[in-house]
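Lettering of chains follows the sequences in order, A, B, ..., and the numbering in each one begins at 1.
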There are 2 protein chains.
Amino acid sequence: MSPSQPPPTRPHRVTAADVAKKAGVSRSAVSRAFTEGTYLDKEKRVSILQVAADLGYRPNALAAGLQAQGRSNLVAVVTGDLANHYDGEILAKLIHRLRDLGKWPMVIGGGEMTESDVLGVLGFPLDAMILRGGSVPDQVVEECLKLQIPLIVSGRVLDRPGVDSVCCDNETGAELAVGALVAAGRRRIAYLGGRQDLTSDRERRAGFVAAMAAAGLTPVALFSGDYSFDGGASQARQLLTQHPQIDGLFCANDAMALGAIAIAGQECDRKVPESLSVIGFDDIAMARWPAIALSTIRNDMDETVSQMMRLLSARLADPDSPSRVIRIPPEFIARNTH
Amino acid sequence: MSPSQPPPTRPHRVTAADVAKKAGVSRSAVSRAFTEGTYLDKEKRVSILQVAADLGYRPNALAAGLQAQGRSNLVAVVTGDLANHYDGEILAKLIHRLRDLGKWPMVIGGGEMTESDVLGVLGFPLDAMILRGGSVPDQVVEECLKLQIPLIVSGRVLDRPGVDSVCCDNETGAELAVGALVAAGRRRIAYLGGRQDLTSDRERRAGFVAAMAAAGLTPVALFSGDYSFDGGASQARQLLTQHPQIDGLFCANDAMALGAIAIAGQECDRKVPESLSVIGFDDIAMARWPAIALSTIRNDMDETVSQMMRLLSARLADPDSPSRVIRIPPEFIARNTH
DNA sequence: ATGAAAGCGCTAACAA
DNA sequence: TTGTTAGCGCTTTCAT
């Protein structure tokens, strides 16, 4: 209304223009000062950076990302359920390694998978999307491909053009487990599975069945759980009740194995490993705890993440390269439960 | 060189302009079609959305965030070490609740805390930054305040203008633990602490000391660990060796309590709770596992996250409101280890 | 070496 | 109700 009223304008974020004015140079000079390998007088650069520091200026990454076509440095990470320790542990490594590549992880998922969230994040011009474990709605995959956003999948294989996957060789892992159980003298062996809608479970199950057959054995039972401790416990209760004769148990992941061991000891009067051998899958940190010392199949996280980063870099460098599937070899880790 | 060579231009992301042209409307009409509560002919909106869907268009969130001053919907989350289950569990809830608010979480930290990462993320015009646990470099706090970025701190209290905190009432928690140990008939009680550089440990320690004094008891020992299972185990080994007479142990978090219980049973021939009571802190999911059934002090995650979201919303609505500190009341959860 | 100017894709104030 | 216009803050030719 009247010019006497100074607008109580909240001091906006310092921009390159502010720095330019204060330093007596052009906006472009400021931009150059923050970019390696650009023509700019050595002294001038120093003085600009000084002024910028005084003012508390830092380039707006949003504006930069908008400008740089196809290099927003934003990477969406759709994590599996963080209640699964494997997912939590691998997420930490993933975040760390993405930063090494200069990427910023936008993390979604972690519990109940909200499909709208993962579609919503596509609103950002992502450099890539990482799908960790879990069931990935097909629609999401379609949208990513339509938007030409590179997809790196881990924990399952998605053999499609433009999608790279890295996944444990689950069948081999199951074979190793059966081999170890047989070597321990077990013959009446059962499988305690995870969520049947996930390929990891299907592959481990198939590997188990095949290895048993190869060993001339018939599975005593094939159960399914949900990859959780509680699920493992309740399924193990039924399993040990209905089939008290079993002497070996291969579980689809470590959490279920721990649940099963708890039930065996507390409710079924079965000592592990004396009267029952149990082998898990993944080798989460807890499995290494001396008090637990779970025999398991290592699903190597460091190697998995390394390969994911390798695939990511390769695809970013050449978006049209053929899609790749990398299988990580598992390893049997002998501890105290078999 | 010659116009006969069609440039092998990688099809760019579909923009509002593309949709506008195809639909025969203006760019603004397209923008309006995607914004609730704008003037736009019903039919026209439908047809625009139809064309957009055909083309696979979705508004570029970067451009939108650049435009909307102070509403990028980006929130940086600096998480504590995900090897601590408490941090993992709360991160999952945090991500979920932030999405409910329409915010996108950029997650950093999770393991080795890289200070440059947390400074680097300030390049984005964040709506807010969430600091979860751990030690927060002062420089980070300064930069945030300088940039006028709201800071929500959890797991410690940072009583400064513009910073809101929500934190468990650690002293009361320690009192509850001592009370429970005393009620269980324990008198020779020790404290197995976490990282002394963290306020959570200092408060729990202080609360322990005060409660012991109030009960007319003298602590047998005050040890320090690192909040990890392994750290708890090795400290407990020393503790039980040097002070075999102790009959009660209050641990600074659940992980250390589990480590201590493991050592007690496996190496020191002390049955829990028969000859040694152990109480943890946090009430992580594992503490509830029947096989573990850890008596502990609940550090309510749902309530913590709810309050964080409340503080966040309030600060976003009024950036100048006085900073607030919310203390979450702890609760003793009696299970099988005391 | 450096400034001017164009544009990245979007929203919002202003006209019509 | 709708189109035109002006930025948001930055990077990058293009001149100079």
Hits for side chain to side chain donor-acceptor pair (under 3.5 Å) against Y57(A), two or more places apart or cross-chain, chain-then-number order -> none
Could you write nucleotides 8-16 of chain D as a row of B, S and -, 5' to 3', where a protein heavy atom under 4.0 Å of any base atom gives B, of only sugar-phosphate atoms gives S, and otherwise -? BBBBBB---
So, R97(A) and S306(A): side-chain donor and acceptor under 3.5 Å apart, yes or no? yes
From CG of D41(B) across to P of dT1(D) the rounded distance in Å is 7 Å
Using a strict threshold of under 4.0 Å (side-chain N to carboxylate O), is an ion pair present between E142(B) and R160(B)? yes
Rounded to whole Å, how long is the line connecting atom CZ of F124(A) with atom P of dC10(C)? 13 Å
Name the one of L74(A), V77(A), L126(A), V78(A) that satisfies side chain to side chain contact (heavy atoms under 4.5 Å, CB included) with V121(A)? L126(A)
To the nearest angstrom, how far is K21(B) atom NZ from dG9(C) atom P? 13 Å
Would you mind reading off the distance between L40(B) atom CG and dA12(C) atom P, rounded to a whole angstrom? 14 Å
Report all side-chain donor-acceptor pairs from residues 98-109 of chain B shorter than 3.5 Å, counting only partners two or more places apart or in another chain.
{"unit_1": "R99(B)", "atom_1": "NE", "unit_2": "D117(A)", "atom_2": "OD1", "d": "3.2"}
{"unit_1": "R99(B)", "atom_1": "NH1", "unit_2": "K103(B)", "atom_2": "O", "d": "3.0"}
{"unit_1": "K103(B)", "atom_1": "NZ", "unit_2": "N73(B)", "atom_2": "OD1", "d": "3.0"}
{"unit_1": "K103(B)", "atom_1": "NZ", "unit_2": "D127(B)", "atom_2": "OD2", "d": "2.9"}

In this structure, how many angstroms lie between the P atom of dT11(C) and the CG atom of L62(B), rounded? 12 Å
Whole angstrom value for the distance that separates P of dG9(C) from CG of L126(A): 15 Å
Does dT2(C) have its OP1 or OP2 closer than 4.0 Å to a side-chain nitrogen or oxygen of K44(A)? yes
Rounded to whole angstroms, how far apart are OH on Y39(B) and P on dG3(D)? 17 Å
Okay, side chain of N84(A), backbone of D87(A): is any donor-acceptor separation there less than 3.5 Å? no
